[in-house]
2 protein chains.
Amino acid sequence: MRQTEWKLVRALPLFRNVKAANFKKLMSAAFLQRFPYGVTLIREGELPDFLHIVVDGSVEMYGTDDGHETTIDILQPVTTFILAAVIRDEVYLKSARTLTPAQILMIPATAVREVFGRDATFARAIVSELAMRYRDLVRALKDEKLRTGAQRLANWILRADASHGHRHSVELEFDKRVLASRLGMTPENLSRNLALLTNYGVKSSGRDIIIEDASALKRFAKPNALIDG
Amino acid sequence: MRQTEWKLVRALPLFRNVKAANFKKLMSAAFLQRFPYGVTLIREGELPDFLHIVVDGSVEMYGTDDGHETTIDILQPVTTFILAAVIRDEVYLKSARTLTPAQILMIPATAVREVFGRDATFARAIVSELAMRYRDLVRALKDEKLRTGAQRLANWILRADASHGHRHSVELEFDKRVLASRLGMTPENLSRNLALLTNYGVKSSGRDIIIEDASALKRFAKPNALIDG
DNA sequence: CTCTAAGCTTGATAATTATCAAACGACGGA
DNA sequence: TCCGTCGTTTGATAATTATCAAGCTTAGAG
(Lines give C-alpha, C1' and ligand atoms only; values in the text may rest on other atoms or scores of the structure.)
Protein backbone atom coordinates (compact mmCIF):
# COMPACT_ATOMS: atom_id res chain seq x y z
CA MET A 1 0.00 0.00 0.00
CA ARG A 2 1.36 3.35 -1.04
CA GLN A 3 1.86 6.39 1.15
CA THR A 4 -0.95 8.26 -0.61
CA GLU A 5 -3.61 5.67 0.10
CA TRP A 6 -2.36 5.11 3.63
CA LYS A 7 -2.79 8.82 4.31
CA LEU A 8 -6.25 8.89 2.76
CA VAL A 9 -7.45 6.06 4.93
CA ARG A 10 -5.71 7.42 8.00
CA ALA A 11 -7.58 10.69 7.51
CA LEU A 12 -11.00 9.01 7.57
CA PRO A 13 -13.11 9.92 10.63
CA LEU A 14 -13.16 6.22 11.37
CA PHE A 15 -9.38 6.00 11.78
CA ARG A 16 -8.26 9.56 12.41
CA ASN A 17 -7.82 9.27 16.17
CA VAL A 18 -6.97 5.61 16.45
CA LYS A 19 -3.66 4.88 18.17
CA ALA A 20 -0.83 4.41 15.69
CA ALA A 21 -0.18 0.84 16.81
CA ASN A 22 -3.80 -0.15 16.33
CA PHE A 23 -4.04 1.52 12.96
CA LYS A 24 -0.92 -0.32 11.90
CA LYS A 25 -2.42 -3.57 13.10
CA LEU A 26 -5.53 -2.99 10.99
CA MET A 27 -3.54 -2.02 7.92
CA SER A 28 -1.04 -4.82 8.15
CA ALA A 29 -3.88 -7.32 7.88
CA ALA A 30 -5.52 -5.41 5.02
CA PHE A 31 -5.40 -5.82 1.25
CA LEU A 32 -5.60 -3.05 -1.30
CA GLN A 33 -7.01 -4.37 -4.52
CA ARG A 34 -7.84 -2.99 -7.96
CA PHE A 35 -11.01 -4.01 -9.75
CA PRO A 36 -12.18 -3.20 -13.28
CA TYR A 37 -15.59 -1.74 -14.11
CA GLY A 38 -18.63 -3.89 -13.44
CA VAL A 39 -17.19 -6.32 -10.92
CA THR A 40 -19.43 -7.63 -8.17
CA LEU A 41 -17.56 -7.12 -4.91
CA ILE A 42 -20.05 -8.65 -2.52
CA ARG A 43 -23.32 -10.49 -2.93
CA GLU A 44 -26.33 -10.16 -0.64
CA GLY A 45 -26.85 -13.27 1.46
CA GLU A 46 -23.15 -14.00 1.95
CA LEU A 47 -21.29 -13.64 5.22
CA PRO A 48 -18.78 -10.82 5.62
CA ASP A 49 -15.04 -11.51 5.82
CA PHE A 50 -13.76 -7.98 5.29
CA LEU A 51 -14.68 -4.42 6.00
CA HIS A 52 -14.48 -2.66 2.63
CA ILE A 53 -13.32 0.87 1.90
CA VAL A 54 -13.62 2.61 -1.46
CA VAL A 55 -10.26 4.28 -1.95
CA ASP A 56 -10.69 5.17 -5.61
CA GLY A 57 -13.51 4.89 -8.15
CA SER A 58 -17.17 4.46 -7.34
CA VAL A 59 -19.24 1.59 -6.05
CA GLU A 60 -22.94 0.86 -6.27
CA MET A 61 -24.78 -0.79 -3.37
CA TYR A 62 -27.95 -2.47 -4.54
CA GLY A 63 -30.60 -4.89 -3.39
CA THR A 64 -32.79 -7.36 -5.25
CA ASP A 65 -36.14 -9.05 -4.84
CA ASP A 66 -38.05 -11.30 -7.18
CA GLY A 67 -36.04 -10.36 -10.25
CA HIS A 68 -36.11 -6.64 -9.54
CA GLU A 69 -33.14 -4.58 -8.48
CA THR A 70 -32.74 -1.22 -6.78
CA THR A 71 -29.76 0.96 -6.03
CA ILE A 72 -29.52 1.78 -2.36
CA ASP A 73 -26.45 3.97 -2.42
CA ILE A 74 -23.62 5.13 -4.65
CA LEU A 75 -20.30 5.38 -2.83
CA GLN A 76 -17.48 7.75 -3.70
CA PRO A 77 -14.01 7.74 -2.14
CA VAL A 78 -13.25 7.57 0.69
CA THR A 79 -16.07 5.58 2.28
CA THR A 80 -16.43 2.37 4.24
CA PHE A 81 -19.19 -0.06 3.43
CA ILE A 82 -20.93 -3.10 4.94
CA LEU A 83 -19.86 -1.98 8.39
CA ALA A 84 -23.12 -3.13 9.96
CA ALA A 85 -22.83 -6.65 8.56
CA VAL A 86 -19.22 -6.91 9.78
CA ILE A 87 -20.14 -5.77 13.27
CA ARG A 88 -23.05 -8.15 13.65
CA ASP A 89 -21.38 -10.93 11.69
CA GLU A 90 -24.55 -11.47 9.70
CA VAL A 91 -25.20 -11.86 6.00
CA TYR A 92 -25.04 -8.88 3.68
CA LEU A 93 -28.40 -7.31 2.90
CA LYS A 94 -26.95 -5.48 -0.10
CA SER A 95 -24.72 -6.38 -3.00
CA ALA A 96 -21.93 -4.16 -4.28
CA ARG A 97 -20.37 -3.70 -7.71
CA THR A 98 -17.92 -1.26 -9.23
CA LEU A 99 -19.32 1.53 -11.40
CA THR A 100 -15.82 2.47 -12.56
CA PRO A 101 -12.43 0.84 -12.23
CA ALA A 102 -11.88 1.03 -8.49
CA GLN A 103 -9.44 0.48 -5.68
CA ILE A 104 -10.85 -1.21 -2.62
CA LEU A 105 -9.16 -1.62 0.73
CA MET A 106 -10.27 -4.72 2.57
CA ILE A 107 -9.68 -5.11 6.30
CA PRO A 108 -10.37 -8.54 7.80
CA ALA A 109 -13.52 -8.48 9.92
CA THR A 110 -11.70 -10.22 12.78
CA ALA A 111 -9.10 -7.46 12.94
CA VAL A 112 -11.84 -4.82 13.04
CA ARG A 113 -13.60 -6.58 15.89
CA GLU A 114 -10.36 -7.09 17.79
CA VAL A 115 -9.21 -3.48 17.61
CA PHE A 116 -12.74 -2.39 18.46
CA GLY A 117 -12.41 -4.22 21.78
CA ARG A 118 -9.03 -2.72 22.61
CA ASP A 119 -9.23 0.84 21.38
CA ALA A 120 -11.98 2.98 22.88
CA THR A 121 -11.33 5.73 20.34
CA PHE A 122 -11.88 3.32 17.47
CA ALA A 123 -15.03 2.01 19.15
CA ARG A 124 -16.36 5.52 19.46
CA ALA A 125 -15.52 6.25 15.83
CA ILE A 126 -17.30 3.12 14.67
CA VAL A 127 -20.43 4.04 16.60
CA SER A 128 -20.33 7.54 15.23
CA GLU A 129 -19.90 6.29 11.66
CA LEU A 130 -22.72 3.78 12.03
CA ALA A 131 -25.01 6.38 13.56
CA MET A 132 -24.30 8.67 10.62
CA ARG A 133 -25.11 5.93 8.16
CA TYR A 134 -28.28 5.16 10.05
CA ARG A 135 -29.32 8.77 9.75
CA ASP A 136 -28.53 8.79 6.04
CA LEU A 137 -30.88 5.86 5.62
CA VAL A 138 -33.65 7.56 7.57
CA ARG A 139 -33.30 10.48 5.21
CA ALA A 140 -33.40 8.17 2.19
CA LEU A 141 -36.56 6.50 3.45
CA LYS A 142 -38.29 9.81 4.06
CA ASP A 143 -37.19 10.98 0.61
CA GLU A 144 -38.66 7.85 -0.95
CA LYS A 145 -41.93 7.83 0.95
CA LEU A 146 -42.75 11.51 1.05
CA ARG A 147 -41.73 12.81 -2.36
CA THR A 148 -42.65 12.26 -5.99
CA GLY A 149 -40.00 11.15 -8.46
CA ALA A 150 -39.55 14.61 -9.92
CA GLN A 151 -39.04 16.08 -6.45
CA ARG A 152 -36.49 13.43 -5.55
CA LEU A 153 -34.59 14.21 -8.72
CA ALA A 154 -34.73 17.96 -8.13
CA ASN A 155 -33.43 17.57 -4.59
CA TRP A 156 -30.77 15.10 -5.69
CA ILE A 157 -29.47 17.67 -8.18
CA LEU A 158 -29.37 20.33 -5.47
CA ARG A 159 -27.50 18.02 -3.09
CA ALA A 160 -25.03 16.89 -5.74
CA ASP A 161 -24.37 20.49 -6.70
CA ALA A 162 -23.86 21.49 -3.07
CA SER A 163 -21.38 18.68 -2.53
CA HIS A 164 -19.40 19.90 -5.53
CA GLY A 165 -19.18 23.45 -4.26
CA HIS A 166 -22.30 25.11 -5.72
CA ARG A 167 -20.92 25.51 -9.22
CA HIS A 168 -24.42 25.15 -10.63
CA SER A 169 -23.24 22.20 -12.63
CA VAL A 170 -23.15 18.48 -11.91
CA GLU A 171 -21.44 15.79 -13.91
CA LEU A 172 -22.70 12.23 -13.50
CA GLU A 173 -19.98 9.71 -12.85
CA PHE A 174 -22.19 6.79 -13.84
CA ASP A 175 -24.98 5.86 -16.23
CA LYS A 176 -28.32 7.58 -15.92
CA ARG A 177 -30.01 4.25 -15.31
CA VAL A 178 -28.02 3.97 -12.07
CA LEU A 179 -29.22 7.38 -10.97
CA ALA A 180 -32.76 6.35 -11.91
CA SER A 181 -32.51 3.27 -9.73
CA ARG A 182 -31.01 5.26 -6.87
CA LEU A 183 -33.94 7.68 -7.12
CA GLY A 184 -36.49 4.87 -7.21
CA MET A 185 -37.69 5.30 -10.77
CA THR A 186 -37.22 3.74 -14.20
CA PRO A 187 -34.71 5.17 -16.71
CA GLU A 188 -37.67 6.23 -18.84
CA ASN A 189 -39.13 8.27 -16.03
CA LEU A 190 -35.79 9.81 -15.13
CA SER A 191 -35.62 11.00 -18.70
CA ARG A 192 -39.11 12.47 -18.52
CA ASN A 193 -38.46 14.06 -15.14
CA LEU A 194 -35.29 15.70 -16.42
CA ALA A 195 -37.33 17.07 -19.31
CA LEU A 196 -39.88 18.37 -16.79
CA LEU A 197 -37.19 20.19 -14.81
CA THR A 198 -36.39 22.22 -17.92
CA ASN A 199 -39.34 24.33 -16.75
CA TYR A 200 -37.49 25.03 -13.52
CA GLY A 201 -34.13 26.11 -14.84
CA VAL A 202 -32.37 22.77 -15.30
CA LYS A 203 -30.61 21.93 -18.56
CA SER A 204 -29.08 18.56 -19.21
CA SER A 205 -27.11 17.04 -22.00
CA GLY A 206 -25.39 13.70 -21.81
CA ARG A 207 -23.90 13.36 -18.37
CA ASP A 208 -23.90 17.09 -17.64
CA ILE A 209 -26.63 18.77 -15.64
CA ILE A 210 -26.60 22.54 -15.45
CA ILE A 211 -28.64 24.61 -13.02
CA GLU A 212 -29.53 27.81 -14.80
CA ASP A 213 -32.01 29.08 -12.26
CA ALA A 214 -31.22 27.78 -8.80
CA SER A 215 -34.05 29.63 -7.09
CA ALA A 216 -36.65 28.27 -9.51
CA LEU A 217 -35.31 24.77 -8.94
CA LYS A 218 -35.43 25.27 -5.19
CA ARG A 219 -39.01 26.51 -5.34
CA PHE A 220 -39.91 23.30 -7.13
CA ALA A 221 -37.76 20.97 -5.03
CA LYS A 222 -38.64 22.42 -1.63
CA PRO A 223 -35.49 21.04 -0.01
CA ASN A 224 -35.81 20.04 3.63
CA ALA A 225 -32.88 20.11 6.04
CA LEU A 226 -34.22 16.99 7.75
CA ILE A 227 -34.07 15.02 4.49
CA ASP A 228 -31.40 16.67 2.41
CA GLY A 229 -29.29 17.73 5.42
CA MET B 1 -38.88 2.70 39.16
CA ARG B 2 -40.37 -0.64 40.09
CA GLN B 3 -38.59 -3.96 40.18
CA THR B 4 -40.54 -5.21 37.14
CA GLU B 5 -39.48 -2.40 34.84
CA TRP B 6 -35.92 -2.47 36.14
CA LYS B 7 -35.72 -6.13 35.23
CA LEU B 8 -37.22 -5.57 31.80
CA VAL B 9 -34.71 -2.89 30.97
CA ARG B 10 -31.84 -4.85 32.49
CA ALA B 11 -32.74 -7.76 30.20
CA LEU B 12 -32.42 -5.66 27.04
CA PRO B 13 -29.49 -6.68 24.82
CA LEU B 14 -28.27 -3.12 25.24
CA PHE B 15 -27.90 -3.47 29.01
CA ARG B 16 -27.72 -7.19 29.66
CA ASN B 17 -23.96 -7.46 30.11
CA VAL B 18 -23.22 -4.00 31.43
CA LYS B 19 -21.47 -3.94 34.81
CA ALA B 20 -23.89 -3.52 37.69
CA ALA B 21 -22.32 -0.24 38.79
CA ASN B 22 -22.64 1.27 35.33
CA PHE B 23 -26.20 0.10 34.89
CA LYS B 24 -27.04 1.63 38.24
CA LYS B 25 -25.41 4.87 37.14
CA LEU B 26 -27.55 4.97 34.01
CA MET B 27 -30.74 4.14 35.87
CA SER B 28 -30.17 6.55 38.73
CA ALA B 29 -30.10 9.40 36.23
CA ALA B 30 -33.16 8.11 34.40
CA PHE B 31 -36.86 8.99 34.57
CA LEU B 32 -39.73 6.61 34.04
CA GLN B 33 -42.74 8.52 32.85
CA ARG B 34 -46.33 7.71 31.87
CA PHE B 35 -47.95 9.37 28.88
CA PRO B 36 -51.55 9.18 27.66
CA TYR B 37 -52.53 8.30 24.08
CA GLY B 38 -51.56 10.70 21.33
CA VAL B 39 -48.76 12.59 23.06
CA THR B 40 -45.84 13.83 21.00
CA LEU B 41 -42.69 12.67 22.76
CA ILE B 42 -40.10 14.17 20.47
CA ARG B 43 -40.23 16.47 17.47
CA GLU B 44 -37.98 16.25 14.43
CA GLY B 45 -35.49 19.08 14.30
CA GLU B 46 -34.96 19.27 18.06
CA LEU B 47 -31.77 18.25 19.84
CA PRO B 48 -31.76 15.09 21.95
CA ASP B 49 -31.49 15.26 25.74
CA PHE B 50 -32.49 11.71 26.55
CA LEU B 51 -32.23 8.23 25.18
CA HIS B 52 -35.80 6.91 25.16
CA ILE B 53 -36.98 3.37 25.86
CA VAL B 54 -40.54 2.15 25.35
CA VAL B 55 -41.28 0.12 28.48
CA ASP B 56 -45.02 -0.23 27.96
CA GLY B 57 -47.48 0.73 25.21
CA SER B 58 -46.58 1.51 21.65
CA VAL B 59 -44.92 4.45 19.97
CA GLU B 60 -45.01 5.69 16.39
CA MET B 61 -41.92 7.19 14.77
CA TYR B 62 -42.82 9.41 11.85
CA GLY B 63 -41.36 11.98 9.53
CA THR B 64 -42.87 14.93 7.70
CA ASP B 65 -42.21 16.96 4.58
CA ASP B 66 -44.22 19.73 2.99
CA GLY B 67 -47.42 18.93 4.88
CA HIS B 68 -47.20 15.18 4.33
CA GLU B 69 -46.43 12.65 7.00
CA THR B 70 -45.17 9.08 6.96
CA THR B 71 -44.74 6.45 9.62
CA ILE B 72 -41.20 5.15 9.73
CA ASP B 73 -41.56 2.60 12.49
CA ILE B 74 -43.94 1.38 15.15
CA LEU B 75 -42.21 0.46 18.39
CA GLN B 76 -43.39 -2.13 20.88
CA PRO B 77 -41.87 -2.77 24.32
CA VAL B 78 -39.04 -3.06 25.06
CA THR B 79 -37.19 -0.93 22.52
CA THR B 80 -34.84 2.02 22.55
CA PHE B 81 -35.30 4.89 20.18
CA ILE B 82 -33.39 7.90 18.82
CA LEU B 83 -30.12 6.21 19.72
CA ALA B 84 -28.39 7.56 16.61
CA ALA B 85 -29.33 11.16 17.35
CA VAL B 86 -28.13 10.79 20.96
CA ILE B 87 -24.79 9.35 19.89
CA ARG B 88 -24.10 12.01 17.31
CA ASP B 89 -25.70 14.78 19.35
CA GLU B 90 -27.57 15.98 16.29
CA VAL B 91 -31.18 16.93 15.71
CA TYR B 92 -33.89 14.27 15.50
CA LEU B 93 -34.82 13.25 11.99
CA LYS B 94 -38.05 11.65 13.20
CA SER B 95 -40.83 12.62 15.55
CA ALA B 96 -42.41 10.24 18.02
CA ARG B 97 -45.89 10.02 19.54
CA THR B 98 -47.73 7.50 21.67
CA LEU B 99 -50.23 5.22 19.94
CA THR B 100 -51.53 3.99 23.28
CA PRO B 101 -51.02 5.10 26.87
CA ALA B 102 -47.34 4.36 27.35
CA GLN B 103 -44.50 4.21 29.81
CA ILE B 104 -41.24 5.67 28.62
CA LEU B 105 -37.87 5.43 30.32
CA MET B 106 -35.63 8.39 29.62
CA ILE B 107 -31.90 8.22 30.22
CA PRO B 108 -29.95 11.48 29.97
CA ALA B 109 -27.82 11.55 26.82
CA THR B 110 -24.79 12.66 28.83
CA ALA B 111 -25.01 9.58 31.04
CA VAL B 112 -25.22 7.34 27.98
CA ARG B 113 -22.15 8.94 26.45
CA GLU B 114 -20.25 8.77 29.72
CA VAL B 115 -20.89 5.09 30.38
CA PHE B 116 -20.14 4.35 26.74
CA GLY B 117 -16.62 5.69 27.26
CA ARG B 118 -16.04 3.68 30.44
CA ASP B 119 -17.72 0.36 29.79
CA ALA B 120 -16.48 -1.59 26.77
CA THR B 121 -19.36 -4.05 27.06
CA PHE B 122 -21.88 -1.24 26.86
CA ALA B 123 -20.02 0.25 23.90
CA ARG B 124 -20.14 -3.06 22.12
CA ALA B 125 -23.86 -3.43 22.87
CA ILE B 126 -24.57 0.04 21.54
CA VAL B 127 -22.75 -0.70 18.31
CA SER B 128 -24.57 -3.97 17.96
CA GLU B 129 -27.95 -2.35 18.57
CA LEU B 130 -27.23 0.44 16.09
CA ALA B 131 -26.02 -2.02 13.47
CA MET B 132 -29.24 -3.98 13.90
CA ARG B 133 -31.33 -0.85 13.49
CA TYR B 134 -29.32 0.06 10.43
CA ARG B 135 -30.06 -3.31 8.93
CA ASP B 136 -33.76 -2.97 9.75
CA LEU B 137 -33.77 0.28 7.81
CA VAL B 138 -32.03 -1.28 4.82
CA ARG B 139 -34.77 -3.90 4.82
CA ALA B 140 -37.46 -1.23 5.04
CA LEU B 141 -35.97 0.67 2.12
CA LYS B 142 -35.76 -2.45 -0.03
CA ASP B 143 -39.36 -3.29 0.93
CA GLU B 144 -40.49 0.16 -0.11
CA LYS B 145 -38.56 0.36 -3.37
CA LEU B 146 -38.93 -3.18 -4.65
CA ARG B 147 -42.50 -4.14 -3.79
CA THR B 148 -46.02 -3.02 -4.59
CA GLY B 149 -48.37 -1.95 -1.83
CA ALA B 150 -50.23 -5.24 -1.80
CA GLN B 151 -46.99 -7.18 -1.50
CA ARG B 152 -45.78 -5.01 1.35
CA LEU B 153 -49.05 -5.62 3.16
CA ALA B 154 -48.92 -9.37 2.55
CA ASN B 155 -45.38 -9.60 3.87
CA TRP B 156 -46.19 -7.38 6.81
CA ILE B 157 -48.99 -9.74 7.80
CA LEU B 158 -46.65 -12.71 7.54
CA ARG B 159 -44.01 -10.99 9.67
CA ALA B 160 -46.51 -9.85 12.28
CA ASP B 161 -47.94 -13.36 12.48
CA ALA B 162 -44.45 -14.86 12.82
CA SER B 163 -43.58 -12.48 15.63
CA HIS B 164 -46.75 -13.55 17.48
CA GLY B 165 -45.92 -17.22 17.22
CA HIS B 166 -47.56 -18.27 13.94
CA ARG B 167 -51.10 -18.42 15.27
CA HIS B 168 -52.43 -17.42 11.87
CA SER B 169 -54.04 -14.43 13.43
CA VAL B 170 -52.86 -10.89 14.01
CA GLU B 171 -54.50 -8.18 16.05
CA LEU B 172 -53.64 -4.58 15.25
CA GLU B 173 -52.71 -2.53 18.27
CA PHE B 174 -53.29 0.75 16.44
CA ASP B 175 -55.53 2.32 13.83
CA LYS B 176 -55.41 1.01 10.29
CA ARG B 177 -54.38 4.41 9.02
CA VAL B 178 -51.13 4.04 11.01
CA LEU B 179 -50.46 0.70 9.37
CA ALA B 180 -51.23 2.27 6.00
CA SER B 181 -48.69 5.00 6.61
CA ARG B 182 -46.11 2.49 7.83
CA LEU B 183 -46.65 0.52 4.62
CA GLY B 184 -46.35 3.61 2.47
CA MET B 185 -49.93 3.79 1.23
CA THR B 186 -53.15 5.70 1.91
CA PRO B 187 -55.82 4.29 4.24
CA GLU B 188 -58.06 3.87 1.18
CA ASN B 189 -55.51 1.69 -0.54
CA LEU B 190 -54.84 -0.35 2.58
CA SER B 191 -58.54 -1.10 2.63
CA ARG B 192 -58.50 -2.13 -1.02
CA ASN B 193 -55.36 -4.19 -0.60
CA LEU B 194 -56.86 -6.02 2.35
CA ALA B 195 -59.87 -6.76 0.16
CA LEU B 196 -57.53 -8.03 -2.54
CA LEU B 197 -55.81 -10.41 -0.13
CA THR B 198 -59.16 -12.12 0.42
CA ASN B 199 -58.22 -13.97 -2.78
CA TYR B 200 -55.13 -15.30 -1.05
CA GLY B 201 -56.60 -16.62 2.16
CA VAL B 202 -56.66 -13.50 4.33
CA LYS B 203 -59.81 -12.47 6.19
CA SER B 204 -60.03 -9.27 8.15
CA SER B 205 -62.64 -7.68 10.33
CA GLY B 206 -62.04 -4.64 12.45
CA ARG B 207 -58.60 -4.94 13.96
CA ASP B 208 -58.35 -8.68 13.46
CA ILE B 209 -56.56 -10.24 10.54
CA ILE B 210 -56.84 -13.98 10.07
CA ILE B 211 -54.67 -16.06 7.78
CA GLU B 212 -56.85 -18.89 6.50
CA ASP B 213 -54.45 -20.13 3.86
CA ALA B 214 -50.87 -19.38 4.77
CA SER B 215 -49.38 -21.06 1.73
CA ALA B 216 -51.59 -19.10 -0.67
CA LEU B 217 -50.61 -15.89 1.11
CA LYS B 218 -46.94 -16.84 0.89
CA ARG B 219 -47.22 -17.57 -2.80
CA PHE B 220 -48.58 -14.08 -3.29
CA ALA B 221 -46.21 -12.33 -0.86
CA LYS B 222 -43.01 -14.08 -1.96
CA PRO B 223 -41.26 -13.34 1.34
CA ASN B 224 -37.52 -12.77 1.12
CA ALA B 225 -35.17 -13.53 4.00
CA LEU B 226 -33.07 -10.50 3.06
CA ILE B 227 -36.05 -8.18 3.48
CA ASP B 228 -38.36 -9.86 5.94
CA GLY B 229 -35.53 -11.49 7.93
C1' DC C 1 -81.48 3.34 23.59
C1' DT C 2 -80.38 6.89 20.35
C1' DC C 3 -77.13 10.05 18.53
C1' DT C 4 -72.82 11.39 17.08
C1' DA C 5 -68.14 11.37 15.74
C1' DA C 6 -64.37 8.90 14.10
C1' DG C 7 -62.50 5.52 11.47
C1' DC C 8 -63.14 2.68 7.74
C1' DT C 9 -64.87 1.31 3.18
C1' DT C 10 -66.41 1.97 -1.50
C1' DG C 11 -66.76 4.33 -5.83
C1' DA C 12 -65.24 7.59 -9.30
C1' DT C 13 -61.60 10.03 -11.12
C1' DA C 14 -56.96 11.95 -11.54
C1' DA C 15 -52.04 11.69 -10.98
C1' DT C 16 -48.06 9.08 -10.98
C1' DT C 17 -45.30 5.47 -12.35
C1' DA C 18 -44.16 1.26 -14.98
C1' DT C 19 -43.97 -1.39 -19.14
C1' DC C 20 -43.45 -2.26 -23.91
C1' DA C 21 -41.92 -0.79 -28.33
C1' DA C 22 -39.47 1.87 -31.43
C1' DA C 23 -36.30 5.35 -32.74
C1' DC C 24 -32.35 8.19 -31.82
C1' DG C 25 -27.52 9.28 -31.03
C1' DA C 26 -22.86 8.80 -29.39
C1' DC C 27 -18.93 6.02 -29.21
C1' DG C 28 -15.57 2.38 -30.34
C1' DG C 29 -13.96 -1.11 -33.46
C1' DA C 30 -13.44 -2.77 -38.05
C1' DT D 1 -15.69 6.29 -42.70
C1' DC D 2 -19.20 3.08 -41.72
C1' DC D 3 -21.43 -0.09 -38.71
C1' DG D 4 -23.17 -2.00 -34.63
C1' DT D 5 -23.94 -1.68 -29.89
C1' DC D 6 -25.60 0.33 -25.91
C1' DG D 7 -27.59 3.82 -23.34
C1' DT D 8 -31.03 7.10 -23.73
C1' DT D 9 -35.22 9.26 -25.34
C1' DT D 10 -39.93 9.36 -26.95
C1' DG D 11 -44.52 7.57 -27.57
C1' DA D 12 -48.42 4.67 -26.41
C1' DT D 13 -50.60 2.09 -23.06
C1' DA D 14 -51.29 -0.30 -18.68
C1' DA D 15 -50.76 -0.70 -13.78
C1' DT D 16 -50.49 1.37 -9.50
C1' DT D 17 -51.45 4.77 -6.32
C1' DA D 18 -53.58 9.10 -4.65
C1' DT D 19 -57.40 12.16 -4.12
C1' DC D 20 -62.04 13.48 -3.49
C1' DA D 21 -66.62 12.39 -2.16
C1' DA D 22 -70.10 9.64 -0.23
C1' DG D 23 -71.78 6.07 2.55
C1' DC D 24 -71.17 2.65 6.20
C1' DT D 25 -69.95 0.77 10.89
C1' DT D 26 -69.13 1.05 15.43
C1' DA D 27 -68.06 2.51 20.00
C1' DG D 28 -68.81 5.92 23.39
C1' DA D 29 -71.61 9.97 25.26
C1' DG D 30 -75.70 11.46 26.75
Side-chain angles (χ1 to χ4, degrees), chain A residues 36-38 60 64-71 74 97 99-101 143-156 170-199 202-209 220-221, chain B residues 36-38 60 65-71 99-101 143-156 170-199 202-209 220-222:
Chain A
Y37 163 84
E60 178 189 15
T64 61
D65 182 56
D66 193 26
H68 292 253
E69 198 179 290
T70 192
T71 304
I74 298 163
R97 70 185 152 219
L99 288 176
T100 64
D143 189 48
E144 185 67 33
K145 288 182 78 176
L146 288 166
R147 287 171 167 166
T148 65
Q151 267 185 302
R152 290 198 296 279
L153 172 60
N155 281 294
W156 184 89
V170 176
E171 191 190 343
L172 293 182
E173 280 149 17
F174 36 79
D175 287 345
K176 281 203 179 115
R177 71 188 158 73
V178 176
L179 177 59
S181 179
R182 160 69 181 76
L183 293 174
M185 63 183 77
T186 57
E188 291 95 326
N189 278 331
L190 172 59
S191 190
R192 284 185 256 265
N193 282 325
L194 269 172
L196 174 73
L197 290 189
T198 303
N199 303 322
V202 175
K203 289 267 176 311
S204 76
S205 112
R207 286 185 165 195
D208 294 318
I209 298 175
F220 176 80
Chain B
Y37 163 86
E60 177 188 15
D65 182 57
D66 194 25
H68 291 254
E69 199 179 289
T70 193
T71 303
L99 289 176
T100 64
D143 190 47
E144 185 67 31
K145 288 182 79 176
L146 288 166
R147 288 171 167 165
T148 65
Q151 268 185 301
R152 290 199 296 278
L153 172 60
N155 282 294
W156 184 89
V170 175
E171 191 191 342
L172 293 181
E173 280 150 19
F174 36 80
D175 287 345
K176 282 203 178 113
R177 73 190 158 71
V178 176
L179 177 59
S181 179
R182 160 69 182 76
L183 293 174
M185 63 183 76
T186 57
E188 291 94 326
N189 278 331
L190 172 59
S191 189
R192 282 185 258 265
N193 282 326
L194 269 173
L196 174 73
L197 290 188
T198 304
N199 303 321
V202 174
K203 290 266 176 311
S204 76
S205 113
R207 286 186 166 195
D208 294 317
I209 298 175
F220 176 81
K222 295 186 187 144

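Reckoned from all heavy atoms, side chains included, excluding hydrogens, waters and symmetry mates. All of these numbers come straight from a predicted model, not from anything done at the bench. A note on names: the letters A, B, ... follow the listed sequences, proteins ahead of strands, and every chain is numbered from 1.
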Could you give the [atom1]-to-[atom2] distance, from [X] to [N], as a whole number of Å?
X: A/Lys145; N: D/dT17; atom1: NZ; atom2: C1'; value: 14 Å
X: A/Asn193; N: C/dA15; atom1: CG; atom2: P; value: 16 Å
X: A/Met185; N: D/dT9; atom1: CE; atom2: C1'; value: 15 Å
X: A/Glu144; N: D/dT16; atom1: CD; atom2: C1'; value: 14 Å
X: A/Arg147; N: D/dA18; atom1: CZ; atom2: P; value: 17 Å
X: B/Arg152; N: D/dT16; atom1: CZ; atom2: P; value: 12 Å
X: A/Gln151; N: C/dA15; atom1: CD; atom2: P; value: 16 Å
X: A/Leu183; N: C/dT17; atom1: CG; atom2: C1'; value: 14 Å

A/Thr198 side-chain N/O to A/Ala195 backbone N/O, donor-acceptor pair under 3.5 Å:
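Judged by distance alone, yes, a pair lies under 3.5 Å.
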Determine the minimum heavy-atom distance between [X] and [Y], stating which atoms define it.
X: A/Arg152; Y: A/Leu183; value: NE-O, 2.6 Å
X: B/Ser204; Y: B/Ile209; value: CB-CG1, 4.1 Å
X: A/Leu153; Y: A/Leu194; value: CD2-N, 3.7 Å
X: B/Ala150; Y: B/Asn193; value: CB-OD1, 3.6 Å

Return the polar atom pairs (N/O with N/O) between nucleotides 6-13 of chain C and the protein under 3.5 Å, or none.
from, atom 1, to, atom 2, distance (Å)
C/dC8, OP1, B/Lys176, N, 2.7
C/dC8, OP2, B/Arg177, N, 3.4
C/dT9, OP1, B/Lys176, NZ, 3.1
C/dT9, OP2, B/Ser191, OG, 3.2
C/dT9, O5', B/Ser191, OG, 3.0
C/dG11, N7, B/Arg192, NH1, 3.0

Taking only the side-chain nitrogens and oxygens of B/Thr186, find out if one of them lies under 4.0 Å from OP1 or OP2 of D/dA18.
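B/Thr186 to D/dA18 OP1/OP2: side-chain N or O found under 4.0 Å.
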Restricting to side-chain contact (heavy atoms from CB on, under 4.5 Å), what partner residues turn up for A/Glu171, sequence neighbours left out?
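Checked A/Glu171 against side-chain contact (heavy atoms from CB on, under 4.5 Å); matches are A/Asp208.
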